[in-house]
Amino acid sequence: MPKFANHSEEATAFLRSKTGSIQLECYTYIDPEEAADSFFIVKTSNKVISVSFAEISYDPKSYQSLLEGLYRVIYE
């Protein structure tokens, strides 16, 4: 079954502020029953990057922690 990611204004704004890229866009799919099936899609000027929540170290009670973890996975 296909999974559809929705544009995430908050994640896009966070990653843009961290990277300085105005072309970056971030999309999110959140599976309410299984966090490991959730993922981000990050589109840059020359790449499309898929990152599963399972690949990110974060505090599950904090969306900010999730965004910071996403940044670390891609850019550090």
Open item on the list: Within this structure, what is the CG-CZ distance for the pair Leu67 and Arg72, rounded to the nearest 0.5 Å?
Closed with: 10.5 Å
Task: Inter-residue atom distance Ile49.CD1 - Thr44.OG1, 0.5 Å rounding - done: 5.0 Å
Task: Val42 and Val48, any side-chain heavy atoms less than 4.5 Å apart - done: no
Task: Nearest atoms (heavy-atom pairs only) where Cys26 meets Ala11 - done: SG-CB, 3.6 Å
Task: Qualifying residues under side chain to side chain contact (heavy atoms under 4.5 Å, CB included), relative to Gln23, sequence neighbours excluded - done: Ser21, Ser45
Open item on the list: Could you walk me through whether Phe40 and Phe53 satisfy the ring-ring contact (aromatic ring centres under 6.0 Å, His included) test, starting with their C-alpha distance in whole Å, then the side-chain angles of each, then the deciding distance to 0.1 Å, before giving a yes or no?
Closed with: CA-CA 7 Å; Phe40 287 103; Phe53 282 23; 5.0 Å; yes
Task: Min side-chain heavy-atom separation His7-Thr12 under 4.5 Å - done: yes
Task: Inter-residue atom distance Glu55.CD - Leu70.CG, 0.5 Å rounding - done: 10.0 Å
Open item on the list: For the backbone of Phe14 and the side chain of Ser17, can you confirm whether one donor and one acceptor N or O come within less than 3.5 Å of each other?
Closed with: yes
Open item on the list: Are Ile56 and Val51 packed together at the side-chain level, in the sense that at least one heavy-atom pair is separated by less than 4.5 angstrom?
Closed with: yes
Task: Identified side chain to side chain contact (heavy atoms under 4.5 Å, CB included) counterpart of Leu24 within the set Lys47, Lys18, Arg16 - done: Arg16
Open item on the list: Could you work out, with ring-ring contact (aromatic ring centres under 6.0 Å, His included) as the rule, every residue matching Tyr58, not counting sequence neighbours?
Closed with: none
Task: Cluster overlap Ile41 with Tyr63, hydrophobic side-chain contacts below 4.5 Å - done: no
Task: For Glu33, side chain to side chain contact (heavy atoms under 4.5 Å, CB included) partners two or more places apart - done: Asp31
Open item on the list: Name the residue from Phe4, Tyr29, Tyr27 that meets the ring pair (Phe, Tyr, Trp, His ring centres under 6.0 Å) definition with Phe39.
Closed with: Tyr29
Task: Taking every non-hydrogen atom, the tightest pair across Asp59 and Ser65 - done: N-OG, 2.8 Å
Task: Atom pair NZ (Lys61) and CG (Leu66), whose distance is rounded to the nearest 0.5 Å - done: 15.0 Å
